[in-house]
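These notes concern the structure reproduced below.
What you see below is based on every heavy atom in this structure, not just the backbone, and it leaves out hydrogens, waters and symmetry mates. Since we're looking at a predicted model, the values are computed, not measured. Sequence lines set the chain letters: A, B, ... in the order given, protein chains first and strands last, and positions in each chain run from 1.
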Amino acid sequence: MDSISIRKTFLDFFNSKQHQIIDSAPMVVKNDPTLMFTNAGMNQFKDIFLGNSQIKYNRIANTQKCLRVSGKHNDLEEVGKDTYHHTMFEMLGNWSFGDYFKNEAIEWAWELLTDVYKINKDQLYITIFAGDSSEGLEKDKEAFNYWKEIVPEERIILGSKKDNFWEMGDTGPCGPCSEIHVDIRDKSEREKSDGASLVNTGNPLVIEIWNLVFIEFNRKQDGSLTSLPAKHVDTGMGFERLCMVLQNKKSNYDTDVFQPLINEIANRANVKYGLNENTDIAIRVIADHLRAISFAIADGQLPSNNKAGYVIRRILRRAVRYAYTFLGVKVPFINELLPTLVNQMGHVFKEIKSQEIIIKKVITEEENAFLRTLSKGIQKFENYISTSYEKKIIDGSFAFELFDTYGFPIDLTQLMAEEKGWTIDMSGFNKGMEEQKTRSRSAGAINAGDWIVLQNTEETEFVGYDTLEAEVNIIKYRKVKSKDKEFFQIVLDKTPFYAESGGQVGDKGCLLSINDNIVIVDTKKENNLIVHLADELPDDLMKTYTAKVDIDKRIHTADNHSATHLLHKALRIVLGNHIEQKGSYVDEERLRFDFSHFSKLTDEEIINVEKIVNEKIRENIHIEEQRNIPIEKAKELGAVALFGEKYGDFVRLIAFDTNFSIELCGGTHVDATGNIGLFKIVSETAIAAGVRRIEAITADKAIEYYTSQSNTIDEINKILKNPKDIIKAVNNLIEQNNNLQKQLDEFNKEKTKIVKTELIKKIKKINNINYLAEKVNLDLKNIKDLAFSIKSEINDLFLLIATESDGKPSISVMISENLVKDKGLNASNIVKELAKEIDGSGGGQSFFATAGGKNIMGIESALAKSINYIN
RNA sequence: GGGGAAUUAGCUCAGUUGGCUAGAGCGUUUGACUGGCAGUCAAAAGGUCGACGGUUCGAUUCCGUUAUUCUCCA
């Protein structure tokens, strides 16, 4: 069975069991501070488990794109070395939310694996939770009894809390799980030893294939467990692994999920897969990482220099490094593999097909950038080797500097050192690493206290679309410490405050009562929870408060947000339908819109975009809002859906003229476009390969902009005495200035020349030295020129020039090089001594030195004393 | 969020106890050689040393602030 049918069979099977089949959520997670990427199938249902969201379907199944590269599940460094770790993988799963439980979950899993996929029953083993006395938990008898009916008892293995009890985090929903393991060893091996003894022992051929989690408890802060009223089923089956089993392979990489990529890589690198351990690893790394970065970029996460974007960059760089070191490919080529991937997965995951061009462009650019980083690191490394050749040990601190500051991978440093017969002081390197880690941890440590729950309410009601003021009660709060700040997070039963999301900043405002005025400094979202940030708590937490949003900030933010929608559509009209939103930021000051486009916008295009937006503003189009419509209907209406945004099945739709702009959007907007007033683009720049950024202002800010521009022109006009043609007048001025500057230079040259000839005339020959000490009226730069110029004409020169500028004296001494050498004269020393006369100090080189001081009266004596040096 | 680094000619970069009136290669322009292309040789132009402030007689160099970029950690 090929991988495409395997995936389809899974979804069809659960569809036939009345499951709603849903799309994969984006790999890139928004609104969850604890998670950067989707790392398990259940992530998008976290709010349901936590009770923050309502259940829309009782039964769901899907295939979920997952990425395990950071945090608790970090498989990045393992990828490639074995046959089963991946950064990106698909997780097949079926869920029950308060609907069916252990019985059906077990029955269906068995049916699918053995009846549908036809896996040999003798090769399957079951694990169930054995119980844990320290938790006061008994063996999962329920699961055991169900399994016993379908599987011989000796194939059911009791597992510990570590293997068979699943927890989402330190607190929250959890429960026992039951895993299905499969033994894919050769028949002869299976006959020799029992597979049961190899379950959970790390054998790559006796592996877990499906994990069925039964969520029935809630872990409280004090560590105790309570039984949940609604029990859930959460299952996960690794797709790539399933393919391996069904295709009778011993490695995920041997399945048709990876083989086309592997062949392509081997082809292009001109190596054969399966002959050499090192090149095999490299090929697997590249195949895996290409998938991860392509899907991440499609989900809207561009490589960048921090956070999630940085993780993506690192994955790509790991791939480039393996290609560079083990395949000897030193030019960008990973981007060229993309068509193979798109060909293979584009029909299921449409996002990589529709964005193929931009993904390729971004990868190419990143490859080039990293190859540059590598060559810089190599240069640094070779410099180091050549300057400290005697010891043949590379300092840990230098290796760390290369890694930390220049991004040069440590194992590459090791490899290069080995080639030269050097070693690296790894303990020094590790020490630097440790220091860096502890520094970061202590700085980033956020100490969140327990939630203090005052009321039990399911979900905060957001009323901010309709009102900016509401009577509210506090349902829970907690104190949060981060580094030197301490603040409170407050959750309300309902709130007019918009929480930061979709690029729009969170609201500010206050909680008011007769005696209290608590300032809300920001509003953020943690999953679906709207959290208000405040520096202090109200005195009486049980009271009802008036929650008031900062109206000015909200209105101006809405201006900018609505303008962003108009801009988006205008860009599509002017530039074409390839425009995809890649990022957006909206606050009360301005708006920022990143979008895919391949060249700089011309002045004309920018003017056209501005023109369209301003026309739509003048049309004063009223907003059409539909708050809860099914996503299918929204798409029918032509709404622009954004990759990288997570949508429920019901969405909010914002239209300004249904024939013009329709977008799915949770943000706050103006009632009619006329409120925006005026729209002005202030900058257009590139931010990544194929991605451009427009920054713009609206309303008051735009008017201020034009006012200040106009004032500037008025000022210039005034200064130039109202010329007919201001541009011509300025050009004339510049030209005149250039001419004058030229003349001035000429004049100074002339003057210097005259002074020079006069000075040369005054030179006296004393003891075979051409001596002169004079005061002149030139600035310091000209004196320097003068001194060098005289030196080039007069041999055996001892020259002292003094001058006065801004009421301060300064002296310069110039001595011919041969005198410096033969007579031991040193201009620097001489000038230091003479500087005493003018209450100053100075220095310089042995043939030319300068000094400055405070006492003008000392110039004469300094000039007089200079003769002592040649006598 | 925290650390490290970079920013010098159109491009790629040198430039250490603060003072060599700021350099190289490539590119550009001009001239010579050649029938032309190309090339060789010679010469020239091109610098607010990222911005602002401080220390100093003097700052590309030292210190602080800031901007941008790179990089590592969380």
Side-chain angles (χ1 to χ4, degrees), chain A residues 33-36 69-72 74 303-311 313-314 317 366 368-370 372-377 379-380 383 387 397-410 413 429-430 432-447 480-485 683 685-688 752 779-792 801-806 808-814 817 820 826-829 831-855 858 862:
Chain A
T34 64
L35 209 55
M36 274 199 264
V69 287
S70 59
K72 190 171 112 190
N74 187 351
S304 75
N305 61 355
N306 52 31
K307 306 226 167 112
Y310 184 58
V311 175
R313 176 171 280 173
R314 247 173 41 198
R317 292 187 166 194
E366 279 294 317
N368 277 322
F370 187 53
R372 277 199 296 275
T373 301
L374 285 183
S375 77
K376 272 199 179 166
Q379 206 180 327
K380 277 247 166 230
N383 252 336
T387 53
S397 61
F398 177 71
F400 184 69
E401 187 195 351
L402 264 184
F403 169 77
D404 181 60
T405 305
Y406 298 97
F408 202 73
I410 183 64
T413 310
F429 175 84
N430 290 329
M433 201 73 180
E434 257 330 293
E435 283 169 9
Q436 154 117 298
K437 283 188 182 177
T438 42
R439 206 173 27 232
S440 287
R441 256 196 289 273
S442 64
I446 295 174
N447 186 355
V480 179
K481 273 186 220 165
S482 95
K483 213 180 172 208
D484 42 5
K485 279 179 292 180
S683 86
T685 49
I687 57 159
T752 310
D779 65 27
L780 287 173
K781 164 78 179 151
N782 282 322
I783 287 177
K784 203 170 189 180
D785 282 341
L786 182 67
F788 275 85
S789 161
I790 294 179
K791 186 187 70 154
S792 65
I801 302 176
T803 191
E804 235 185 276
S805 68
D806 299 334
K808 283 178 176 177
S810 81
I811 54 178
S812 307
V813 174
M814 173 67 88
E817 271 95 344
V820 173
N826 186 315
S828 183
N829 293 338
V831 94
K832 273 178 196 163
E833 286 180 45
L834 293 176
K836 289 174 190 160
E837 303 298 322
I838 53 168
D839 290 345
S841 61
Q845 303 135 81
S846 56
F847 69 96
F848 180 74
T850 56
K854 292 173 220 159
N855 178 17

- Query: What heavy-atom pair brings A:A835 and A:A851 nearest, and what distance separates the two atoms?
  - Reply: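 The answer is CB-CB, 3.9 Å.
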- Determine the minimum heavy-atom distance between A:I783 and A:S812, stating which atoms define it.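 Answer, listing the atom of A:I783 first, then A:S812: CG2-OG, 3.7 Å.
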- Message: Please determine whether the number of non-hydrogen atoms from other residues, nucleotides or ligands lying under 6.0 Å from atom NZ of A:K376 exceeds 12.
- Response: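 Open.
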Nearest 0.5 angstrom please: [X] [atom1] to [Y] [atom2], how far?
X	Y	atom1	atom2	answer
A:K808	A:D839	NZ	CG	12.5 Å
A:F398	A:K380	CZ	NZ	7.0 Å
A:I790	A:I801	CD1	CD1	5.0 Å
A:Q436	A:D404	CD	CG	4.5 Å
A:K791	A:E817	NZ	CD	4.0 Å

Inter-nucleotide [atom1] distance ([N], [M]), Å rounded:
N	M	atom1	answer
B:U55	B:C63	C1'	7 Å
B:A24	B:G46	P	15 Å
B:G15	B:C73	P	28 Å
B:U16	B:C57	P	24 Å
B:A74	B:U65	P	26 Å
B:C49	B:A59	P	12 Å
B:G47	B:G36	C1'	38 Å
B:C11	B:U28	P	15 Å

- Looking for any heavy atom pair under 4.0 Å, which part of the strands does A:F847 touch: base, sugar-phosphate only, or nothing?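 Sugar-phosphate only.
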- Item | Residue-phosphate contact under 4.0 Å: A:R313 side-chain N/O, B:U71 OP1/OP2 |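 For B:U71, OP1 or OP2 has a side-chain N or O of A:R313 closer than 4.0 Å.
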Could you state the atom-to-atom distance from [atom1] of [X] to [atom2] of [N] in whole Å?
X	N	atom1	atom2	value
A:I783	B:G19	CD1	C1'	16 Å
A:E366	B:C70	CD	C1'	12 Å
A:Q845	B:C20	CD	C1'	5 Å
A:M433	B:U71	CE	C1'	12 Å
A:N368	B:U69	CG	C1'	17 Å
A:R372	B:C70	CZ	P	10 Å
A:L374	B:U71	CG	C1'	13 Å

- Residues of residues 784-791 of chain A with any non-hydrogen atom less than 4.0 angstrom from an atom of RNA chain B: list those, numerically ordered, please.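 A:K784, A:D785, A:F788, in order of number.
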- Please name all residues satisfying salt bridge (Lys or Arg N to Asp or Glu O under 4.0 Å) with A:E804, sequence neighbours left out, ordered by chain then number.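 Salt bridge (Lys or Arg N to Asp or Glu O under 4.0 Å) check on A:E804 returns A:K775.
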- Message: How would you summarise protein contacts on nucleotides 3-14 of chain B per nucleotide, using B for base, S for sugar-phosphate only and - for none, with heavy-atom distances below 4.0 Å?
- Response: BBS-------S-
- Message: For a quick check, with a 4.0 angstrom heavy-atom cut-off, what is the B/S/- contact string for nucleotides 53-63 of chain B, read 5' to 3'?
- Response: ----B------
- Message: Which helical stems does RNA chain B take part in, if a stem means at least 3 consecutive Watson-Crick or G-U pairs with both distances below 3.5 Å?
- Response: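 Output for stems: B:1-7 with B:67-73, B:10-13 with B:23-26, B:28-33 with B:39-44, B:50-54 with B:62-66.
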- Item | Set of side chain to side chain contact (heavy atoms under 4.5 Å, CB included) partners for A:F403, sequence neighbours left out |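 Counting only residues at least two positions away or on another chain, A:F403 forms a side chain to side chain contact (heavy atoms under 4.5 Å, CB included) with A:F400, A:F429, A:M433.
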- Message: If you assign A:A369 and A:F848 each to the RNA chain B nucleotide with the nearest heavy atom, which residue ends up on the more 5' nucleotide?
- Response: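 Checking each residue's closest nucleotide, the 5'-ward one belongs to A:F848.
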Heavy-atom side-chain proximity of [X] to [Y] below 4.5 angstrom:
X	Y	value
A:V831	A:I811	yes
A:R313	A:F370	no
A:P409	A:L374	yes

- Message: Donor-acceptor check, side chain of A:S810 to backbone of A:G852, threshold 3.5 angstrom: yes or no?
- Response: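 The answer is no, because no donor-acceptor pair under 3.5 Å joins these two groups.
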- Any donor and acceptor pair, going by atom type alone, linking the side chain of A:S375 with main-chain N or O of A:R372 inside 3.5 Å?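 Yes; judged by distance alone, with no hydrogens or angles, the pair exists.
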